[in-house]
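Below you'll find the structure, written out as structure tokens, and then a few comments.
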Amino acid sequence: MSSDGVEMQGNGADIRKREPAFNLPGGLVFMLAVLIVIHLVRTYILSAVTDENVLLQFAFIPGRYTIPFAEQDLGWLWSPITYSLLHGSWEHLIFNAFWMVAFGAPVVRRIGLTRFFVFWCLSAIAAVAFHTALHWGAMILVVGASGVVSGLMGAAARFVFSPSGRISRQFAHLNRRLTIAEALSNRSVLVFSGIWFLTNFLIGFGQIFGSVAGGAVAWEAHIGGFLFGFFFFPLFDVATAETRRD
């Protein structure tokens, strides 16, 4: 068996079963559809005033938590999750969708639909919690699934790389989960994580000493999401020893 497919022989004929060109877990397809539908409605159906109200209600705002809860609406309660369903532009959404497909697919295949939804919510919360710690009281809007995508990347780093560093696109979810010590000594994990962190630090450096076209990037939320996925993924991992491939 190889990552390209399964070859079976019978009656002198070869029957080759190859991977479908487009094969994503249903839960991931559902979430991508939700993100697209929400952005379609906001872009083409809602008025500018209504969309502004949507953002004020469902985008994350660090400054909410410096105001007594009794003096504001309940946005403080759900916005640490709902902000991850909103995006600032089609480019923003497409970028997140691309990386969600790449790293979300093996995670969803491994942990299943229910745990994926729980992971989504908790990684979204962890992402903005880290962001808020560095921007306490800031009255800025945070939107996008980037924190969740970063969480999926951190989770994937714990199992998608084989000891040789290769990735089997279809069967990566069956790999044995690396311990933290093993992950931190795996060259592929270190290179992947190092490039990821360097990219985000450069984004942050650019925002401090320069400007970012199209608005600021909440790079701190990316880091919060990645750290959550990397360190807390074992709480969601339900792959059994029998189904894992070393």
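- Dense packing is recorded around OH of Tyr65, with more than 12 heavy atoms of other residues, nucleotides or ligands lying under 6.0 Å away.
- Summarising the local packing, CD of Gln72 is surrounded by more than 12 heavy atoms from other residues, nucleotides or ligands at distances under 6.0 Å.
- With sequence neighbours excluded, the residues forming a salt bridge (charged side-chain N to carboxylate O under 4.0 Å, His left out) with Arg42 are Asp51, listed by chain and number.
- With Thr66 contributing its side chain and Gly63 its backbone, the two residues share a donor-acceptor pair below 3.5 Å.
- Using bins of under 30°, 30° to 60° and over 60° for the plane-to-plane angle, the ring pair Phe228/Phe232 lands in the parallel bin.
- Between the side chain of His87 and the main chain of Ala145, a donor-acceptor pair closer than 3.5 Å is present.
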Item to complete: Let me see the working for Thr82 and Ser79 under side chain to side chain donor-acceptor pair (under 3.5 Å), right down to the final yes or no.
Response: CA-CA 5 Å; Thr82 56; Ser79 62; 5.4 Å; no
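- Within the 3.5 Å criterion, the main-chain N or O of Val49 finds no donor-acceptor partner in the side chain of Glu52.
- Of all heavy-atom pairs spanning His173 and Phe159, the tightest one is CA-CE1, 3.6 Å.
- In summary, Asp237 and Arg176 do not engage in a salt bridge, as defined by a charged side-chain N under 4.0 Å from a carboxylate O.
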Practice prompt. Give the C-alpha distance, both sets of side-chain angles, the deciding distance and a yes or no for side-chain contact (heavy atoms from CB on, under 4.5 Å) between Leu85 and Leu35.
Written response: CA-CA 6 Å; Leu85 305 177; Leu35 298 180; 3.9 Å; yes
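- Distance alone, capped at 3.5 Å, is enough to place a donor-acceptor pair between the Trp78 side chain and the Gln57 backbone.
- Summarising the geometry of Ala59 relative to Arg64, their closest heavy-atom pair is O-NH2, 3.2 Å, with the distance given to 0.1 Å.
- No more than 12 heavy atoms of other residues, nucleotides or ligands sit less than 6.0 Å from atom CZ of Phe95.
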Worksheet item: Taking it one step at a time, do His131 and Trp219 satisfy side-chain contact (heavy atoms from CB on, under 4.5 Å)?
Response: CA-CA 8 Å; His131 179 83; Trp219 61 277; over 6 Å; no
Practice prompt. Begin with the C-alpha distance, continue with both residues' side-chain angles, and end with the deciding distance and a verdict on side-chain contact (heavy atoms from CB on, under 4.5 Å) for Leu113 and Val108.
Written response: CA-CA 6 Å; Leu113 183 61; Val108 178; 5.6 Å; no
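- The aromatic rings of Trp196 and Phe226 sit parallel to each other, their planes meeting at less than 30°, with 60° as the upper class boundary.
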